[in-house]
Amino acid sequence: MIEAQNHIDGKWSTKGSVEIHSPSNTTEQIGTIPDAGESEIDAAVRAAKKSQTEWQRLGYAVRGNLLHQAASRLEANLDLLAEVATKEMGKPILETRGEAARAAAILRYYAGEGLHSVGDVIPAAKADTLQYTTREPLGTVGIVTPWNFPLAIPAWKLAPALVYGNTVVFKPAELSSLSAYVLIDLIADLFPSGTINLVLGKGAVAGEALIRHESVNAISFTGSTTVGHHIAEVAVGRGAKYQLEMGGKNPVIVADDANLTLAADMVVSGAMRSAGQKCTATSRVIVMDKIRSSFTDALVQRVKELSIGDPLDARNYLGPVASQAQQEKVENLINTGAKEGARLLVGGSRASNVSQYGYFVTPTVFDQVSIDATIAQEEIFGPVVGIIEAHSVEHAIALANNVRYGLSASIFTNSLDTAMEFVNGIQAGMVRVNEETAGVELQAPFGGIKASSSYSREQGRSAIEFYTHIKTVAIRPPKA
Ligand code: NAD
């Protein structure tokens with residue numbers, strides 16, 4: 001049992017009474033979280049604001065060193081982090097272990113990032129003037145995260161925010177608050193009071209108070225497109241900087257000349273790992289008519305063999321989806337898919353044979369999905385993939401682009417020409433060839449276009465664009 005608390009101004013506050021149960025076994029209570037509101041957010045923002053100047057003055061080297069120490073703490077506790085995350089949101093243990101390691105690697109990456117150059121020397125009209133740019137922190141940053149990457153997403157927002165000299169108030173999703181608490185509990189004492197504040201509460205209450213707080217200079221958000229667009233409106237209304245990473249409807253194109261074994265393996269991994277609950281999950285497979293039948297057979301055979309069950313058992317490929325609401329949403333979309341005429345090839349039901357006390361959904365494949373169908377347009381966020389037929393690569397790219405999202409996209413082909421036609425024509429922020437749609441590396445920019453993003457980027461060097469502003473300086477020596 002984990003009794004999670006808020007962390008405000010260096011102090012842990014009263015435990016909460018909201019019960020958290022495991023999605024793989026709802027009879028097991030795994031912890032409690034507080035239900036914080038406006039007053040806790042206000043206290044956290046005040047603490048962050050008060051400590052920011054001192055934190056900035058410490059300089060990059062000291063801040064980077066603290067991030068290195070934080071990374072070491074995470075590395076020493078990968079099993080703990082993985083177990084809590086798996087119990088809390090149902091992702092299989094090998095995946096959460098990898099995610100915990102990635103969170104540590106992200107802290108290390110940004111620990112070093114603070115030592116890179118941050119500006120340019122620019123020629124000035126007056127020959128004796130030194131003109132240059134530097135980067136300054138934004139001040140207090142509000143961090144709002146989803147539940148599907150309970151460790152990595154907080155890490156890739158917290159680390160750049162901190163290394164560039166901002167202080168933070170972090171509000172994780174209710175479904176990943178225990179993981180957030182354990183993560184912050186492992187590292188908080190390394191940092192000066194007020195630098196990292198954690199507030200646990202509902203999105204509509206604590207989250208809303210955070211995005212509206214006048215002393216929050218910037219908001220970094222990952223979550224659904226609906227909430228993201230609401231945050232954008234609030235932020236614009238009060239002149240705060242914002243960054244949104246939102247939903248996806250990620251396509252894979254399988255060309256005539258593709259290695260079908262590789263394509264089928266990568267579609268299974270992209271669509272079914274984390275029970276499909278990745279913003280970059282493969283959701284549509286657009287297959288050339290000539291090879292549709294052989295690709296479909298290969299895919300269905302693999303999906304039938306997937307083991308679903310207790311996510312703490314490393315032999316299981318899929319655990320449950322994260323909540324009852326997720327399970328109902330995915331089931332409704334599966335039913336809509338069948339009603340709208342798609343052909344169900346495998347899955348399509350609640351996996352009640354696994355456990356009646358968990359939110360398990362059978363991995364599902366639909367064929368003959370029309371491009372206008374709800375399951376071809378809406379983000380499902382579950383272990384469901386739909387096959388759409390195309391008659392040429394050009395047609396496939398047009399179908400792939402015919403959605404409101406544009407996060408990640410892949411093609412499987414052995415032709416460089418086809419690969420380049422895809423790279424140039426696809427509307428997505430992250431484009432991959434002979435790779436699954438998920439899995440962008442931490443040192444590379446991450447983000448989407450269209451309804452998937454505010455067109456900003458996270459990870460790698462691009463994080464500096466959001467977490468700092470440019471200051472242009474011109475210095476003329478005083479006359480002797
Ligand atoms: P969500 O939008 O429901 O919640 C995300 C966060 O916003 C939570 O912390 C929630 O408490 C908070 N929130 C909710 N209402 C709020 C409000 N009015 N004001 C401020 N904060 C509020 O999303 P979710 O269900 O937690 O996560 C799933 C979604 O996240 C999916 O759509 C998925 O595609 C997306 N996602 C995107 C990326 C990406 O990088 N593009 C990565 C992971 C997940």
Side-chain angles (χ1 to χ4, degrees), residues 18 33 35-38 41 88-89 91 99 142-157 169-177 179-180 198-213 216 219-235 237 240 242-250 274-283 321-326 329-330 333 378-382 403-408 428-430 437-440 442 444-459 462-463 466:
V18 181
I33 59 170
D35 185 11
E38 212 172 317
I41 288 286
E88 185 176 30
M89 50 71 69
K91 196 186 288 193
E99 190 183 333
I143 290 177
V144 182
T145 60
W147 45 264
N148 66 327
F149 281 98
L151 307 168
I153 291 179
W156 84 46
K157 292 181 188 296
V169 177
F170 168 31
K171 208 302 284 173
E174 299 89 305
L175 291 178
S176 59
S177 290
S179 306
L198 172 72
V199 182
L200 305 175
K202 295 188 185 74
V205 182
E208 191 71 31
L210 179 60
I211 63 170
R212 289 187 183 278
H213 201 292
V216 173
I219 303 146
S220 179
F221 168 82
T222 299
S224 62
T225 300
T226 311
V227 174
H229 286 170
H230 165 68
I231 288 177
E233 272 179 32
V234 172
Y242 65 92
Q243 170 186 59
L244 314 171
E245 290 305 336
M246 303 176 285
K249 191 69 193 168
N250 312 294
S274 298
Q277 301 168 112
K278 291 182 187 175
C279 53
T280 50
T282 304
S283 184
V321 295
S323 65
Q324 187 175 359
Q326 269 301 113
K329 182 186 151 207
V330 175
L333 281 162
E378 301 273 315
E379 184 181 52
I380 300 176
F381 231 54
V403 289
R404 68 184 186 124
Y405 296 106
L407 189 57
S408 174
M430 295 172 290
T437 51
V440 172
L442 66 94
F446 184 103
I449 61 172
K450 295 161 77 177
S452 293
S453 171
S454 55
Y455 289 78
S456 51
R457 290 292 176 267
E458 300 196 89
Q459 296 199 141
S462 46
F466 180 71

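Each ligand, and each atom within it, is numbered from 1 in the order the structure gives.
For atom 24 (P) of ligand 1, the nearest protein heavy atom (residue, atom name, distance) is Trp147 NE1, 3.4 Å. The protein atom (non-hydrogen) at minimum distance from atom 39 (C) of ligand 1 is Cys279 SG, 3.2 Å. Nearest protein neighbour of atom 17 (C) of ligand 1, counting heavy atoms only, is Gly203 O, 3.3 Å. In terms of protein heavy atoms, atom 11 (O) of ligand 1 is closest to Lys171 NZ, 2.6 Å. Protein heavy atom at the shortest distance from atom 20 (C) of ligand 1 is Gly207 C, 3.2 Å. Of the protein's non-hydrogen atoms, the one nearest atom 40 (O) of ligand 1 is Phe446 CE2, 3.1 Å. For atom 8 (C) of ligand 1, the nearest non-hydrogen atom of the protein is Thr145 O, 3.3 Å. With hydrogens left out, the protein atom closest to atom 34 (O) of ligand 1 is Glu379 OE2, 2.5 Å, a heavy atom.
The shortest distance between side-chain heavy atoms of Leu210 and Val144 falls below 4.5 Å. Using a 4.5 Å cut-off on side-chain heavy atoms (C-beta onward), Gln243 and Tyr455 make no contact. At a threshold of 4.5 Å between non-hydrogen side-chain atoms, the residues Tyr242 and Val234 do not count as touching. Within the 4.5 Å cutoff, the side chain of Leu244 has heavy atoms near those of the Ile231 side chain.
Lys91 forms a cation-pi arrangement with Phe149, by the criterion of a distance under 6.0 Å to the ring centre and an angle within 45° of the ring axis.
Taking the six-membered ring where tryptophan is involved, the planes of Trp156 and Phe446 are tilted, since the angle between them lies from 30° to 60°.
Interatomic distance, CH2 of Trp147 versus OG1 of Thr222, reported as 13.0 Å (0.5 Å rounding). Rounded to the nearest 0.5 angstrom, Ile211 CD1 and Glu233 CD are separated by 10.0 Å. The CE atom of Met430 sits 7.0 Å away from the CZ atom of Arg457 when rounded to the nearest 0.5 Å. A distance of 7.5 Å separates CD in Glu88 from CD1 in Ile33, rounded to the nearest 0.5 Å.
At a 4.0 Å heavy-atom cut-off, ligand 1 touches Met246 through the backbone alone. No part of Ser453 comes within 4.0 Å of ligand 1, judged by heavy-atom distances. With a heavy-atom cut-off of 4.0 Å, Ile211 touches ligand 1 through its side chain alone. The part of Leu407 lying near ligand 1 is the side chain, judged by heavy-atom distances below 4.0 Å. Neither the backbone nor the side chain of Thr225 has any atom closer than 4.0 Å to an atom of ligand 1 (non-hydrogen atoms only). At a heavy-atom cutoff of 4.0 Å, ligand 1 is contacted by no atom of Lys278, backbone or side chain.
Evaluated by nearest non-hydrogen atom to atom 27 (O) of ligand 1, the leading choice among Ala281, Pro146, Ala204 is Pro146. Comparing heavy-atom distances from atom 7 (O) of ligand 1 across Leu244, Val144, Ile143 singles out Val144 as nearest. Considering Ser408, Gly223, Pro172, Ser224 only, the shortest heavy-atom separation from atom 2 (O) of ligand 1 involves Ser224.
In this structure, the side chain of Lys249 engages the main chain of Glu378 through a donor-acceptor pair within 3.5 Å. Under the 3.5 Å distance criterion, the side-chain polar atoms of Asn250 are left unmatched by any main-chain donor or acceptor of Ser283.
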Practice task
List the steps and the verdict of side-chain contact (heavy atoms from CB on, under 4.5 Å) for Met246 and Ser452.
Solution key: CA-CA 5 Å; Met246 303 176 285; Ser452 293; 5.5 Å; no

Handout entry: side-chain contact (heavy atoms from CB on, under 4.5 Å) evaluation trace for Thr280 with Leu407
Key = CA-CA 7 Å; Thr280 50; Leu407 189 57; 3.9 Å; yes

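The shortest heavy-atom distance from Val234 to ligand 1 is not under 4.0 Å. Taking a 4.0 Å cut-off on heavy atoms, Gly448 fails to register as neighbouring ligand 1.
Between Ser323 and Leu175, the closest heavy-atom pair is CB-CD1, 3.8 Å.
Applying the 4.0 Å criterion to heavy atoms of Phe221 picks out, from ligand 1, the atoms 2 (O), 5 (C), 6 (C), 7 (O). In the vicinity of Ala173, heavy-atom distances shorter than 4.0 Å reach the ligand 1 atoms 8 (C), 9 (O). Counting atoms of ligand 1 from 1 in the listed order, those under 4.0 Å from a heavy atom of Ile153 are 42 (C), 43 (C). Close approach of ligand 1 to Glu208 is summarised as follows: ligand atoms under 4.0 Å from at least one heavy atom of the residue are 17 (C), 18 (N), 19 (N), 20 (C). Atoms of ligand 1 lying under 4.0 Å from at least one heavy atom of His230, given by number and element, are 18 (N).
For the pair Asn148 and ligand 1, the shortest N or O to N or O distance does not fall below 3.5 Å. Considering backbone and side-chain atoms together, Thr222 places no N or O closer than 3.5 Å to any N or O of ligand 1. Polar contact check, Glu458 against ligand 1: no nitrogen or oxygen pair lies under 3.5 Å apart. Residue contacts with ligand 1: Trp156 is placed with no nitrogen or oxygen under 3.5 Å of a nitrogen or oxygen of the ligand (distance criterion only).
There is a side-chain donor-acceptor pair under 3.5 Å between Ser456 and Ser454.
A salt bridge links Glu458 with Lys157; the closest basic N to acidic carboxylate O contact falls under 4.0 Å.
Within the 4.0 angstrom cut-off, atom 13 (N) of ligand 1 has one or more protein heavy-atom neighbours.
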